[in-house]
Amino acid sequence: MNCADFDRFAPFYLYGILPPPVVRATESHLSTCARCDSSLKPLRTIVCREIIDTLADYLENTLPEAERRSLEAHLAVCPDCLDYLRSYQDTIRLTQAAFDAGSEPACDLPDDLVRAVLAARKKTSG
Amino acid sequence: MRGFGGRLLAVARRILRNEEDARDAVQEALLQAFRGLAGFAGEARLSSWLHRIVVNAALMKIRSKGRRPEESIENLLPAYDEEGHQTRPTSWTDGTATAVAERTETRELVRRRIGQLPEIYRTVLVLRDIEELDSEETARLLEITPNAVKIRLHRARQALRTLLDPDFREGTP
(Lines give C-alpha, C1' and ligand atoms only; values in the text may rest on other atoms or scores of the structure.)
Protein backbone atom coordinates (compact mmCIF):
# COMPACT_ATOMS: atom_id res chain seq x y z
CA MET A 1 0.00 0.00 0.00
CA ASN A 2 1.27 3.49 -0.81
CA CYS A 3 0.22 6.88 0.62
CA ALA A 4 -2.36 7.51 -2.14
CA ASP A 5 -4.01 4.15 -1.40
CA PHE A 6 -3.98 4.98 2.28
CA ASP A 7 -5.71 8.36 1.71
CA ARG A 8 -8.45 6.51 -0.12
CA PHE A 9 -8.92 3.79 2.49
CA ALA A 10 -8.36 5.80 5.71
CA PRO A 11 -11.98 6.72 6.50
CA PHE A 12 -13.19 3.19 5.77
CA TYR A 13 -10.40 1.83 7.95
CA LEU A 14 -11.51 4.03 10.84
CA TYR A 15 -15.08 2.89 10.52
CA GLY A 16 -13.97 -0.74 10.51
CA ILE A 17 -15.57 -1.64 7.20
CA LEU A 18 -12.52 -2.82 5.26
CA PRO A 19 -11.91 -6.51 4.54
CA PRO A 20 -9.19 -8.05 6.77
CA PRO A 21 -6.43 -8.19 4.09
CA VAL A 22 -6.83 -4.44 3.44
CA VAL A 23 -6.83 -3.73 7.20
CA ARG A 24 -3.54 -5.61 7.51
CA ALA A 25 -2.05 -3.73 4.56
CA THR A 26 -3.23 -0.42 6.02
CA GLU A 27 -1.74 -1.16 9.44
CA SER A 28 1.50 -2.30 7.88
CA HIS A 29 1.71 0.97 5.94
CA LEU A 30 0.89 3.00 9.08
CA SER A 31 3.69 1.36 11.02
CA THR A 32 6.26 2.63 8.54
CA CYS A 33 4.82 5.95 7.36
CA ALA A 34 4.84 8.89 9.82
CA ARG A 35 3.01 11.11 7.33
CA CYS A 36 -0.01 8.82 7.08
CA ASP A 37 0.03 7.98 10.78
CA SER A 38 -0.18 11.67 11.70
CA SER A 39 -2.85 12.38 9.07
CA LEU A 40 -5.03 9.74 10.69
CA LYS A 41 -5.21 11.57 14.05
CA PRO A 42 -7.74 14.27 13.11
CA LEU A 43 -9.84 11.65 11.35
CA ARG A 44 -9.94 9.49 14.47
CA THR A 45 -11.44 12.24 16.60
CA ILE A 46 -13.80 13.98 14.18
CA VAL A 47 -17.44 13.31 15.00
CA CYS A 48 -20.80 14.20 13.47
CA ARG A 49 -21.20 17.26 15.70
CA GLU A 50 -18.01 18.81 14.32
CA ILE A 51 -18.99 17.98 10.76
CA ILE A 52 -22.41 19.59 11.10
CA ASP A 53 -20.96 22.62 12.90
CA THR A 54 -18.73 23.37 9.90
CA LEU A 55 -21.17 22.74 7.03
CA ALA A 56 -21.74 26.45 6.33
CA ASP A 57 -17.99 27.06 5.99
CA TYR A 58 -17.68 23.93 3.84
CA LEU A 59 -20.37 25.13 1.44
CA GLU A 60 -18.75 28.57 1.23
CA ASN A 61 -15.35 26.98 0.53
CA THR A 62 -13.81 28.71 3.54
CA LEU A 63 -12.69 25.60 5.42
CA PRO A 64 -8.92 25.07 5.69
CA GLU A 65 -7.76 22.33 3.34
CA ALA A 66 -7.01 19.78 6.09
CA GLU A 67 -10.49 20.26 7.64
CA ARG A 68 -12.15 20.00 4.26
CA ARG A 69 -10.41 16.69 3.60
CA SER A 70 -11.41 15.36 7.02
CA LEU A 71 -14.98 16.44 6.47
CA GLU A 72 -15.19 14.79 3.06
CA ALA A 73 -13.62 11.64 4.44
CA HIS A 74 -16.26 11.55 7.17
CA LEU A 75 -19.08 12.17 4.67
CA ALA A 76 -17.83 9.26 2.59
CA VAL A 77 -18.62 6.83 5.38
CA CYS A 78 -21.35 8.54 7.41
CA PRO A 79 -24.76 8.41 5.68
CA ASP A 80 -26.38 10.43 8.51
CA CYS A 81 -24.06 13.39 7.95
CA LEU A 82 -24.33 13.10 4.17
CA ASP A 83 -28.13 13.17 4.50
CA TYR A 84 -27.87 16.16 6.79
CA LEU A 85 -25.64 18.00 4.31
CA ARG A 86 -28.12 17.35 1.47
CA SER A 87 -31.12 18.49 3.48
CA TYR A 88 -29.17 21.57 4.65
CA GLN A 89 -28.48 22.45 1.01
CA ASP A 90 -32.16 21.79 0.19
CA THR A 91 -33.15 24.17 2.99
CA ILE A 92 -31.07 26.96 1.42
CA ARG A 93 -32.59 26.25 -2.03
CA LEU A 94 -36.12 26.22 -0.63
CA THR A 95 -35.48 29.50 1.20
CA GLN A 96 -34.28 31.20 -1.97
CA ALA A 97 -37.11 29.77 -4.08
CA ALA A 98 -39.70 30.90 -1.53
CA PHE A 99 -38.91 34.52 -2.31
CA ASP A 100 -38.13 34.41 -6.02
CA ALA A 101 -39.46 37.38 -7.96
CA GLY A 102 -43.18 37.13 -8.43
CA SER A 103 -43.67 34.40 -5.84
CA GLU A 104 -44.85 36.63 -3.03
CA PRO A 105 -48.39 37.79 -2.43
CA ALA A 106 -49.42 40.76 -4.55
CA CYS A 107 -49.28 44.10 -2.83
CA ASP A 108 -50.37 47.64 -3.49
CA LEU A 109 -47.73 50.21 -2.77
CA PRO A 110 -46.97 53.81 -2.04
CA ASP A 111 -46.54 54.56 -5.73
CA ASP A 112 -46.73 58.31 -5.32
CA LEU A 113 -43.62 58.35 -3.20
CA VAL A 114 -41.70 56.01 -5.48
CA ARG A 115 -42.69 58.17 -8.40
CA ALA A 116 -41.60 61.30 -6.55
CA VAL A 117 -38.23 59.79 -5.69
CA LEU A 118 -37.63 58.72 -9.26
CA ALA A 119 -38.73 62.08 -10.63
CA ALA A 120 -36.49 63.95 -8.21
CA ARG A 121 -33.65 61.63 -9.12
CA LYS A 122 -34.08 62.49 -12.78
CA LYS A 123 -33.94 66.20 -11.92
CA THR A 124 -30.80 65.87 -9.81
CA SER A 125 -29.03 63.76 -12.40
CA GLY A 126 -30.28 65.76 -15.34
CA MET B 1 -43.34 51.43 -11.55
CA ARG B 2 -45.81 49.30 -9.65
CA GLY B 3 -43.47 46.33 -9.67
CA PHE B 4 -40.58 48.40 -8.39
CA GLY B 5 -42.45 49.75 -5.35
CA GLY B 6 -43.90 46.28 -4.76
CA ARG B 7 -40.41 44.86 -4.57
CA LEU B 8 -39.51 47.39 -1.89
CA LEU B 9 -42.55 46.39 0.15
CA ALA B 10 -41.64 42.73 -0.33
CA VAL B 11 -38.18 43.41 1.13
CA ALA B 12 -39.72 45.02 4.22
CA ARG B 13 -42.22 42.17 4.59
CA ARG B 14 -39.44 39.60 4.67
CA ILE B 15 -37.77 41.35 7.57
CA LEU B 16 -40.91 42.43 9.47
CA ARG B 17 -43.65 39.94 10.12
CA ASN B 18 -46.29 42.61 10.60
CA GLU B 19 -47.83 44.05 7.41
CA GLU B 20 -48.44 47.48 8.94
CA ASP B 21 -44.82 47.67 10.13
CA ALA B 22 -43.61 46.71 6.64
CA ARG B 23 -45.68 49.50 5.06
CA ASP B 24 -44.44 51.98 7.66
CA ALA B 25 -40.84 50.96 6.95
CA VAL B 26 -41.27 51.49 3.19
CA GLN B 27 -42.92 54.87 3.73
CA GLU B 28 -40.13 55.89 6.07
CA ALA B 29 -37.48 54.62 3.66
CA LEU B 30 -38.94 56.50 0.72
CA LEU B 31 -39.14 59.71 2.74
CA GLN B 32 -35.52 59.23 3.76
CA ALA B 33 -34.61 58.52 0.15
CA PHE B 34 -36.42 61.63 -1.02
CA ARG B 35 -34.63 63.78 1.57
CA GLY B 36 -31.29 62.16 0.87
CA LEU B 37 -31.36 62.23 -2.91
CA ALA B 38 -28.74 64.96 -3.05
CA GLY B 39 -26.40 62.59 -1.27
CA PHE B 40 -27.00 59.78 -3.75
CA ALA B 41 -23.62 59.52 -5.39
CA GLY B 42 -24.87 57.60 -8.37
CA GLU B 43 -22.26 54.86 -7.97
CA ALA B 44 -24.91 52.27 -7.16
CA ARG B 45 -28.09 51.69 -9.15
CA LEU B 46 -31.02 53.63 -7.78
CA SER B 47 -32.88 50.39 -7.11
CA SER B 48 -29.98 49.01 -5.02
CA TRP B 49 -29.75 52.28 -3.15
CA LEU B 50 -33.48 52.26 -2.34
CA HIS B 51 -33.31 48.57 -1.45
CA ARG B 52 -30.62 49.29 1.11
CA ILE B 53 -32.59 52.16 2.61
CA VAL B 54 -35.64 49.91 2.97
CA VAL B 55 -33.56 47.20 4.68
CA ASN B 56 -32.20 49.83 7.07
CA ALA B 57 -35.65 51.25 7.78
CA ALA B 58 -37.04 47.77 8.48
CA LEU B 59 -34.19 47.01 10.87
CA MET B 60 -34.74 50.39 12.58
CA LYS B 61 -38.37 49.42 13.00
CA ILE B 62 -37.33 46.25 14.83
CA ARG B 63 -34.95 48.24 17.03
CA SER B 64 -37.58 50.85 17.80
CA LYS B 65 -39.72 48.16 19.38
CA GLY B 66 -36.93 47.39 21.83
CA ARG B 67 -34.95 44.22 22.24
CA ARG B 68 -37.03 41.21 23.11
CA PRO B 69 -35.64 38.43 25.25
CA GLU B 70 -33.84 36.05 22.93
CA GLU B 71 -36.00 33.02 22.15
CA SER B 72 -34.16 29.73 22.36
CA ILE B 73 -33.91 27.52 19.30
CA GLU B 74 -32.01 24.74 21.04
CA ASN B 75 -34.90 22.33 20.46
CA LEU B 76 -34.62 22.97 16.70
CA LEU B 77 -30.90 22.22 16.49
CA PRO B 78 -29.49 18.73 15.86
CA ALA B 79 -29.17 16.57 18.99
CA TYR B 80 -26.06 14.47 19.64
CA ASP B 81 -25.19 11.58 21.92
CA GLU B 82 -22.18 11.59 24.25
CA GLU B 83 -19.88 10.56 21.42
CA GLY B 84 -21.05 13.39 19.19
CA HIS B 85 -23.22 11.35 16.81
CA GLN B 86 -26.67 12.53 15.76
CA THR B 87 -29.38 11.02 17.91
CA ARG B 88 -32.32 11.70 15.58
CA PRO B 89 -30.94 11.60 12.03
CA THR B 90 -33.49 11.91 9.25
CA SER B 91 -33.14 11.64 5.51
CA TRP B 92 -34.93 13.80 2.95
CA THR B 93 -36.19 12.16 -0.20
CA ASP B 94 -33.58 12.75 -2.86
CA GLY B 95 -34.48 15.55 -5.24
CA THR B 96 -37.96 16.17 -3.84
CA ALA B 97 -37.22 19.56 -2.31
CA THR B 98 -35.70 20.80 -5.56
CA ALA B 99 -38.55 19.37 -7.61
CA VAL B 100 -41.27 21.10 -5.59
CA ALA B 101 -39.41 24.29 -4.58
CA GLU B 102 -41.09 26.39 -7.27
CA ARG B 103 -44.63 25.30 -6.42
CA THR B 104 -46.83 27.97 -4.89
CA GLU B 105 -47.82 25.80 -1.93
CA THR B 106 -44.18 24.92 -1.20
CA ARG B 107 -43.19 28.57 -1.28
CA GLU B 108 -46.01 29.46 1.09
CA LEU B 109 -45.06 26.63 3.42
CA VAL B 110 -41.40 27.69 3.50
CA ARG B 111 -42.36 31.34 4.09
CA ARG B 112 -44.56 30.26 7.01
CA ARG B 113 -41.74 28.19 8.50
CA ILE B 114 -39.27 31.07 8.12
CA GLY B 115 -41.85 33.21 9.92
CA GLN B 116 -41.68 30.80 12.87
CA LEU B 117 -37.99 31.53 13.44
CA PRO B 118 -37.13 33.90 16.28
CA GLU B 119 -36.44 37.40 15.01
CA ILE B 120 -32.65 37.47 15.38
CA TYR B 121 -32.32 34.30 13.32
CA ARG B 122 -34.96 35.19 10.75
CA THR B 123 -33.33 38.56 10.12
CA VAL B 124 -29.90 37.07 9.42
CA LEU B 125 -31.41 34.37 7.19
CA VAL B 126 -33.32 36.98 5.19
CA LEU B 127 -30.34 39.30 4.76
CA ARG B 128 -27.83 36.56 3.86
CA ASP B 129 -29.79 33.86 2.00
CA ILE B 130 -32.58 35.92 0.44
CA GLU B 131 -31.27 39.47 0.05
CA GLU B 132 -27.82 37.96 -0.58
CA LEU B 133 -25.88 40.55 1.41
CA ASP B 134 -22.39 39.43 2.44
CA SER B 135 -21.44 38.75 6.08
CA GLU B 136 -19.68 42.09 6.53
CA GLU B 137 -22.62 44.15 5.24
CA THR B 138 -25.07 42.08 7.31
CA ALA B 139 -22.87 42.52 10.39
CA ARG B 140 -22.76 46.28 9.86
CA LEU B 141 -26.53 46.55 9.47
CA LEU B 142 -27.23 44.40 12.52
CA GLU B 143 -24.42 45.94 14.59
CA ILE B 144 -22.90 42.56 15.37
CA THR B 145 -19.63 40.91 14.33
CA PRO B 146 -19.24 38.98 11.05
CA ASN B 147 -18.55 35.89 13.15
CA ALA B 148 -21.85 36.32 14.99
CA VAL B 149 -23.55 36.59 11.58
CA LYS B 150 -21.94 33.33 10.53
CA ILE B 151 -23.03 31.53 13.68
CA ARG B 152 -26.59 32.88 13.58
CA LEU B 153 -26.98 32.05 9.90
CA HIS B 154 -25.89 28.46 10.44
CA ARG B 155 -28.23 28.07 13.41
CA ALA B 156 -31.08 29.69 11.48
CA ARG B 157 -30.63 27.25 8.58
CA GLN B 158 -30.43 24.31 10.98
CA ALA B 159 -33.59 25.41 12.79
CA LEU B 160 -35.42 25.95 9.50
CA ARG B 161 -34.29 22.52 8.33
CA THR B 162 -35.85 21.02 11.47
CA LEU B 163 -39.09 22.95 10.90
CA LEU B 164 -39.25 21.70 7.29
CA ASP B 165 -38.22 18.15 8.18
CA PRO B 166 -41.75 16.73 8.70
CA ASP B 167 -42.69 17.91 5.18
CA PHE B 168 -39.62 16.66 3.32
CA ARG B 169 -38.28 13.61 5.15
CA GLU B 170 -38.41 10.21 3.51
CA GLY B 171 -41.80 8.63 3.78
CA THR B 172 -43.64 11.97 3.56
CA PRO B 173 -46.44 11.64 1.00
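Not measured: the values here are computed from a predicted model. Numbered from 1 within each chain, the chains take letters A, B, ... in sequence-line order.
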Let's test your reading of the structure: which of B/L163, B/T96, B/V110 forms the most heavy-atom pairs below 4.5 Å with chain A? B/V110
Looking at B/R113, B/E102, B/Q158, which one has more heavy-atom pairs under 4.5 Å with chain A than the rest? B/Q158
For a side chain to side chain donor-acceptor pair (under 3.5 Å) check, start with the C-alpha distance between B/R161 and B/T90, then their side-chain angles and the critical distance, and finish with the verdict. CA-CA 11 Å; B/R161 182 213 167 273; B/T90 57; 2.9 Å; yes
Please, which pairs that meet salt bridge (Lys or Arg N to Asp or Glu O under 4.0 Å) have at least one residue in residues 22-34 of chain A, sequence neighbours excluded? none
Taking [X] for its side chain and [Y] for its backbone only, find out whether a donor-acceptor pair lies under 3.5 Å.
X      : Y      : result
B/R17  : B/G115 : yes
B/R23  : B/L9   : no
B/R111 : A/A98  : yes

Quick one: which residues of residues 147-157 of chain B reach chain A at under 4.5 angstrom, heavy atoms only? B/K150, B/H154, B/R157
Please classify the contact of [X] with chain A as side chain, backbone, both or neither, using a heavy-atom distance under 4.5 Å.
X      : result
B/I130 : side chain
B/L125 : side chain
B/T106 : side chain
B/R128 : side chain

Would you say B/W92 and B/L164 make side-chain contact, with heavy atoms under 4.5 Å? yes
Could you give the distance from CG (A/D90) to CG (B/D165), rounded to the nearest 0.5 Å? 11.5 Å
Using non-hydrogen atoms only, which part of A/Q89 is less than 4.5 Å away from chain B: side chain, backbone, both, or neither? neither
